Asks: 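What follows is a structure written as structure tokens; I'll ask about it next.
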Amino acid sequence: MTADLTPVVVRLKLSLLRNGLRQSGGRRAAYIASAVAVLLFSVLQLLGLIALRGDEHAGSVVVPLVAVLAAGWAVMPLFFPGGDETLDPTRLVMLPLRPRPLVRALLVASLIGIGPVFTLCLLVGSVVSVAHGGTAYVFSVLGVLLALLVCAALARAVAVANIRLLTSRKGRDLAVLSGLVIAVGAQVVNFGAQRLGSGGLGQLDGPANVLKWVPPASAIGAVDSASEGSYGVAVLQLALSAAALAGLLALWSRHLTRLMTSPDGSTLPSAQWAARERGSTGLARLLPSLSAKSLGGTPSRTGTVMERSLRYVWRDPKTKAAWVTSLAIGLIVPVFNALQGTGSIYFACFAAGMLGVQMYNQFGQDTSAFWMVATTISSPRDAYVELRARALALLVITLPYATVVTVVTTALIGDWPKLPEVLGVSFALLGAMLATGAWTSARFPYSIPQEGYKNVAPGQSGLAAAAVVGGMVSAALLCAPVIALTIWANLSADGDEWSWVLLPVGAVYGAAVTWAGLRLAAPRTARRLPEILTAVSKG
């Protein structure tokens with residue numbers, strides 16, 4: 001049985017792919033379309049890498065490229081654990097299989113799919129661009145094989161080391177954060193491309209000299225070294241990749257043995273964990289006290305609502321993903337533009353804008369659980385306290401964050417005299433978005449599906465667009481007085497002397513607009529509770 005395990009697992013992988021495509025015509029069409037797109041992109045990448053042949057910086061391009069490719073193989077199982085059923089070896093724990101033959105069989109099976117084909121095209125193009133001479137081509141064959149196996153083994157080792165997490169609900173919800181990785185990666189790639197466009201490929205020489213000793217990029221570096229006649233260096237670089245492959249296989253085998261012979265700790269009762277869950281956190285003790293002593297209104301309600309909202313940010317996967325993405329992009333856009341020398345200090349307002357969007361559709365994040373909130377709202381006063389507490393919870397994060405981003409952007413640009421007015425505009429914008437967000441939450445509520453990648457339930461896309469787009473336009477109009485004052489301060493001869501006034505003016509204006517928006521939204525919220533509950537429960 002051991003000798004025949006590899007072909008059996010390969011047939012299993014093919015059967016899983018075939019049966020998955022048979023489930024529906026839409027899934028089959030999506031797979032075929034994605035496969036064609038990836039293959040076309042792979043061919044274009046292959047031709048582009050071959051076109052680098054003869055360029056003095058070809059090696060400096062392909063070595064970092066392979067390193068980035070390997071990093072992608074390492075993180076993809078964490079975000080897309082359901083993309084390959086054979087990534088989950090817990091399905092085989094009841095079978096009489098030994099780890100080593102199983103590792104070998106799963107490694108071969110992992111070379112079947114769109115991802116390995118894409119990787120193979122990039123690796124082939126990489127070695128063709130740097131290989132010169134018969135000996136270099138011999139190293140090319142070994143280098144491509146080692147690099148491909150290291151990538152596959154790396155993905156498998158990471159997956160099996162985290163399989164208990166990945167197959168749990170929280171682990172599957174990690175896939176929601178893939179949007180953040182894509183957003184951050186896109187900005188990094190854009191920044192790097194602009195730097196290369198201005199400085200040339202020679203800027204990659206330094207990183208490439210380091211990465212050519214890091215597996216699996218060292219396997220491609222070996223081909224470059226062999227082309228230059230440094231055969232001893234090439235052999236050492238290949239040996240590094242071979243050692244990395246052996247180490248990953250050993251690590252994979254050890255985790256696989258532990259996984260298949262030890263009980264799942266996540267299914268064991270834990271009195272300690274339950275006790276910790278029941279205990280109050282420092283935040284839970286602070287917020288109700290703050291509510292009763294400082295904010296007025298119903299004692300402890302404000303603090304309770306704030307705690308619930310902040311727990312959503314920390315625990316709910318969809319809410320956490322939205323917040324983390326907004327925090328990252330709100331920092332990346334102004335900072336990256338400042339580093340490139342093309343940004344304005346007013347780009348710092350992007351942070352307040354990104355986080356202000358989180359006020360929109362406040363009741364949608366509660367989904368069907370909103371009925372418990374609705375039972376506690378019997379008057380506009382109750383609705384006002386509920387909305388105010390949600391806005392305060394958002395401000396706990398947003399105010400210090402927007403301030404830090406503005407200070408960092410100002411420091412990078414070096415335009416300190418404009419710091420007060422930019423902060424003023426940011427605070428005014430944030431207040432306007434809190435006001436319009438409270439109103440649109442009551443006027444255009446929509447459901448957020450808890451499963452999958454969609455953020456809007458089917459049939460509610462129009463509501464979501466009306467809420468976000470209309471609210472942002474309204475917020476921009478509400479900020480018009482502060483923006484006009486800022487323009488005057490920049491154009492007037494005496495404006496510089498009074499620009500500091502924009503900070504308190506913007507802060508007070510933002511607070512006043514927020515208060516007015518909450519007051520206007522509260523009666524509508526109290527009247528439309530049944531409609532809101534119906535809308536947010538559709539997902």
Side-chain angles (χ1 to χ4, degrees), residues 1-24 27-28 30-32 34-35 38-39 42 70 72-74 76-121 123-124 141-142 144-168 171-172 216 241-242 244-264 267:
M1 182 176 178
T2 300
D4 297 330
L5 185 58
T6 298
V8 169
V9 175
V10 170
R11 288 197 298 270
L12 173 63
K13 176 68 173 287
L14 295 174
S15 297
L16 289 171
L17 288 174
R18 183 174 60 252
N19 294 336
L21 295 178
R22 288 177 177 175
Q23 290 183 3
S24 66
R27 182 170 182 173
R28 185 163 52 251
Y31 182 85
I32 293 174
S34 61
V38 170
L39 289 175
S42 302
W73 273 84
M76 283 303 104
L78 299 178
F79 292 116
F80 302 102
D84 185 355
E85 294 290 336
T86 61
L87 279 173
D88 185 4
T90 57
R91 300 172 184 268
L92 308 174
V93 294
M94 300 302 293
L95 300 178
L97 302 174
R98 293 186 178 275
R100 285 189 179 181
L102 184 58
V103 164
R104 184 167 56 248
L106 291 175
L107 181 62
V108 175
S110 64
L111 300 179
I112 300 172
I114 301 175
V117 172
F118 173 75
T119 302
L120 182 62
C121 289
L123 292 175
V124 170
V141 175
L142 296 175
V144 169
L145 180 61
L146 277 175
L148 183 60
L149 291 177
V150 168
C151 288
L154 179 60
R156 292 285 176 166
V158 170
V160 77
N162 297 277
I163 196 63
R164 295 298 190 195
L165 171 66
L166 297 179
T167 53
S168 66
R172 289 192 299 269
S241 290
L245 177 61
L248 287 171
L249 293 177
L251 182 65
W252 181 9
S253 179
R254 186 178 68 179
H255 280 294
L256 194 60
T257 301
R258 183 184 306 168
L259 181 71
M260 301 181 75
T261 58
S262 61
D264 183 0
T267 62

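Below, each value reflects all heavy atoms present in this structure, side chains not excepted, and no hydrogens, waters or symmetry copies. Nothing here was measured: the structure is a model prediction, and the numbers come from that model. Residue numbers start at 1 and run along the sequence shown.
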Asks: Using every non-hydrogen atom in the two residues, find where Leu107 and Ala152 come nearest and quote the distance to one decimal.
Replies: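 Closest heavy-atom pair between Leu107 and Ala152: CD1-CB, 3.9 Å.
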Asks: List for me each residue that meets side-chain contact (heavy atoms from CB on, under 4.5 Å) alongside Val108, sequence neighbours excluded, and say none if there are none.
Replies: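 Applying side-chain contact (heavy atoms from CB on, under 4.5 Å) to Val108 gives Thr6, Val10.
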Asks: Grab the two heavy atoms, one from Val103 and one from Ser253, that are nearest each other, plus how far apart they are.
Replies: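 The answer is CG2-CA, 3.9 Å.
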Asks: Of all the heavy-atom pairs spanning Ala147 and Pro216, show the shortest one and how long it is.
Replies: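 Taking every non-hydrogen atom into account, CA-CB, 3.8 Å.
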Asks: Can you tell me how far OG of Ser241 sits from CG of Leu149, rounded to the nearest 0.5 angstrom?
Replies: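 It is 10.5 Å, given to the nearest 0.5 Å.
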Asks: Testing the basics here: between Lys13 and Ala109, what is the closest heavy-atom pair and its distance to 0.1 Å?
Replies: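 Answer, listing the atom of Lys13 first, then Ala109: NZ-O, 3.0 Å.
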Asks: If you round to the nearest 0.5 Å, how far is CZ of Arg100 from CG of Leu249?
Replies: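 Leu249 CG to Arg100 CZ: 10.5 Å, rounded to 0.5 Å.
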Asks: Return the CH2 to CG distance between Trp252 and Leu245, rounded to the nearest 0.5 Å.
Replies: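 Answer for the CH2-CG pair, Trp252 versus Leu245, is 10.0 Å.
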Asks: Sequence neighbours left out, what passes side-chain contact (heavy atoms from CB on, under 4.5 Å) with Ala242? Give chain and number order.
Replies: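 For Ala242 the side-chain contact (heavy atoms from CB on, under 4.5 Å) partners, ignoring immediate neighbours, are Leu146.
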Asks: Sequence neighbours excluded, which residues qualify as side-chain contact (heavy atoms from CB on, under 4.5 Å) partners of Leu148?
Replies: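 By the side-chain contact (heavy atoms from CB on, under 4.5 Å) rule, Leu148 matches Leu111, Thr119, Leu120, Leu123.
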Asks: On a heavy-atom basis, which atom in Cys151 and which in Trp73 lie closest, and how many Å separate them?
Replies: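 Result for this residue pair: O-CE3, 3.4 Å.
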Asks: Mind checking side-chain contact (heavy atoms from CB on, under 4.5 Å) for Arg254 and listing every partner two or more places apart, or none if nothing turns up?
Replies: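 By the side-chain contact (heavy atoms from CB on, under 4.5 Å) rule, Arg254 matches Leu251, Arg258.
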